Amino acid sequence: MEKKFQFVEIDEQASEHIAAPHYSYWKSVFRTFFKSKLAIAMLILATIIFSIAMIQPLFSNYDPLNSPNILDFSLRFNPPNSQNWFGTDNVGNSLFDAVWAGTRTSILISFISTAINLTLGIAVGAFWGYSKKFDKVMLEIYNVVANVPFLLVVTMMLYVIGYGFWKLIFALTITGWFGIAYFIRTQVMIIRDREYNLVSRCLGTPTSRMITRNILPYLTSVIVTLLSREIPVIISTESVLSFLGIGLTAATPSLGRMISQYTSFINAYPYLFWIPVSILASVSISFYIVGQTFADASDPKTHM
Amino acid sequence: MEREVILSVRDLEVSFPKGKGRFIAVRDANFDIYKGETFALVGESGSGKTTIGRSIIRINPTSKGKIIFEGKVINEKLSAEEDRQVIKNIQMIFQDPATSLNERATIDYIISEGLVNFKMFKSQEERKAKVVKSLAEVGLLQEHVTRYPHEFSGGQRQRIGIARAMIMEPKLIIADEPISALDVSIRAQVLNLMKTLQEEKGLTYLFIAHDLSVVRFISDRIAVIHLGRIVELANTADLFLHPLHPYTRSLLSAVPMPDPISEKAKELMVYTENLHDYSVHQPSFVEIAPGHFVWANEPELEQYRELLK
């Protein structure tokens, strides 16, 4: 009779083997991100706007104080055409040059301010959430700062120190990081006492490494969310300030100032108003959607 | 035979702030742990057994008493060098493998965390070799070093936790219910692993558990703790043969029996504090027989001595 059963060797190690392919955090983040078609479209839009805004003004040499065509009446209020893609304004300047110069200023201000706010906010917030003594002091300071409206602080600062590109950035960042730091503090406090952090304490891990290896990696998604919210917020704050006529000097091109100038032409020459507004909206929306999708993708719960 | 004491706990009290006052979680804890043995702390949920373990590893601050490790008091402010020595020599295996591993770090980082903190290697090659060796000791594979904790099963994760503690080459390991979060089918695997490692490395365990059958299997001596107080301490055999304190007896009577007939006939003893009359005679922790301690007052001791005869 044929032997139907036979003995086999047991390989203890075989049951330990993990068959799944290697997991890589950042690879999974990008894979999840590129699943969203809207995000890809917005990323392309953001890249195009960003590149044009950074490169075009270098060639156009647009200067809001200088109107070389002011005497040529035929160049005033030209609607968008093949020569001037976005048309011309009341002093014969090309709106195309003006818009990109303004966008460049807005993007630069928002990127620099966000970078400063986020760096300071995360650094202070991480330590704030970790140290109970520091928390007591910082909470009192925060309560004072948080109860003064942000726009009031910025406006007052600008009246005191004057207008200008770097002065505006200073005004936007002097208290701007506090909110971020407070938010990070709360997040750190939630994670701080989890069991794996007790383990690290039992292994003698110093606090600095606890923050960088045990806490901050868990906050990637939260930080990217903050980033994607902060950039549009700063862009619109800058526009509001320029619209109100504070913040930047007349020599700095700015979308907000442009919109405020062209508001009077909203009925007669609507393109003068709507083109800068839609560029401003596209910048905010595309950066926001890209950031939000990236924040979702950087949450490992979405990787499965 | 004189045995070397590795850890002594004297009159330990641990309390936590509760409202305006304090809640005393552990009181008058006294015991010695000898080198190379497995000492078990058993008690119900909330009895303070984990608190004792955590105050030995200095996560929970103590409010009274002394914890002496190798002749040095460790529950006070230590110099940086002493602190390092204590951290290196006392390690802990945590209860829940699901929460005790850093999900955003690779196994390589998790296991070598202690090595990095103490610079216990000369080159990166030596560190890697140590990690692989320590993984092999707990039955895991070299290929696991680049993996993340979420890719492992509960039993594997607990073994990672064991490897992480073992790589420090500690003298004392506090195992805080190391198998209670595991599936029944792999409990034996982890327990046997712990026993093997103890024999190979001459480790001392403080084993915290609520499962008496497990404790009977692994430990040499057992302390029974009830509402923050150690009520009885004895060798495993003595405790199971001659349980004296009514709480110990009620615990033992609750052990399920794998035989339906005797299980039905089993008489459960219910323990309440009303069994004791401490109005006249104050109780204390008395060595009633060699190595057998019980928390009792004079009349009770008389009674217990009768039982021992």
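As the structure is a computational prediction, the values presented were derived from the model and not from experiment.
Summarising the geometry of B/S100 relative to A/E195, their closest heavy-atom pair is CB-OE1, 3.9 Å, with the distance given to 0.1 Å. Residue A/R201 comes nearest to B/I59 through the heavy atom pair NH2-O, 3.9 Å, listed as atom of the first residue, atom of the second, then distance. The two residues A/P21 and B/E151 come nearest to each other via the heavy atoms O-OE1, 4.1 Å. The two residues B/N117 and A/T205 make their nearest non-hydrogen contact at ND2-OG1, 2.9 Å.
With a 4.5 angstrom heavy-atom cutoff, A/R194 does not touch chain B via any of its atoms. For B/D83, no part lies near chain A; criterion is any non-hydrogen pair under 4.5 Å. Looking at B/R58, only its backbone comes within 4.5 Å of chain A, counting heavy atoms on both sides.
Contacts with chain A (heavy atom to heavy atom, under 4.5 Å) involve these residues of residues 166-200 of chain B, listed by number: B/M168, B/Q189.
For A/H17 and B/E143, the side-chain atoms include at least one donor-acceptor pair closer than 3.5 Å.
Ranked by heavy-atom pairs under 4.5 Å with chain A, the list B/R84, B/H150, B/K88 is led by B/H150. Ranking A/G204, A/S24, A/P206 against chain B, the residue ahead of the rest is A/G204, based on heavy-atom pairs under 4.5 Å.
Side-chain contact check for B/F152 versus A/I18: some heavy-atom pair is nearer than 4.5 Å. A 4.5 Å side-chain heavy-atom check between A/T220 and B/R104 finds at least one atom pair inside the cut-off. With a 4.5 Å cut-off on side-chain heavy atoms, A/P300 and B/Y148 do not count as touching. Side-chain atoms of A/V199 and B/E113, non-hydrogen and from C-beta on, never get closer than 4.5 Å to each other.
A/N214 places no side-chain N or O within 3.5 Å of a backbone atom of B/N102 that could act as its donor or acceptor partner. For the pair B/Q91 (side chain) and A/C202 (backbone), a donor-acceptor distance under 3.5 Å is present.
Annotation for A/L38: atom CG counts as buried by contact number, over 12 foreign heavy atoms lying within 6.0 Å. Within 6.0 Å of NZ in A/K35 there are more than 12 heavy atoms belonging to other residues, nucleotides or ligands.
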Worked check of side chain to side chain contact (heavy atoms under 4.5 Å, CB included) between A/L198 and B/M92: CA-CA 10 Å; A/L198 290 183; B/M92 188 153 178; over 6 Å; no

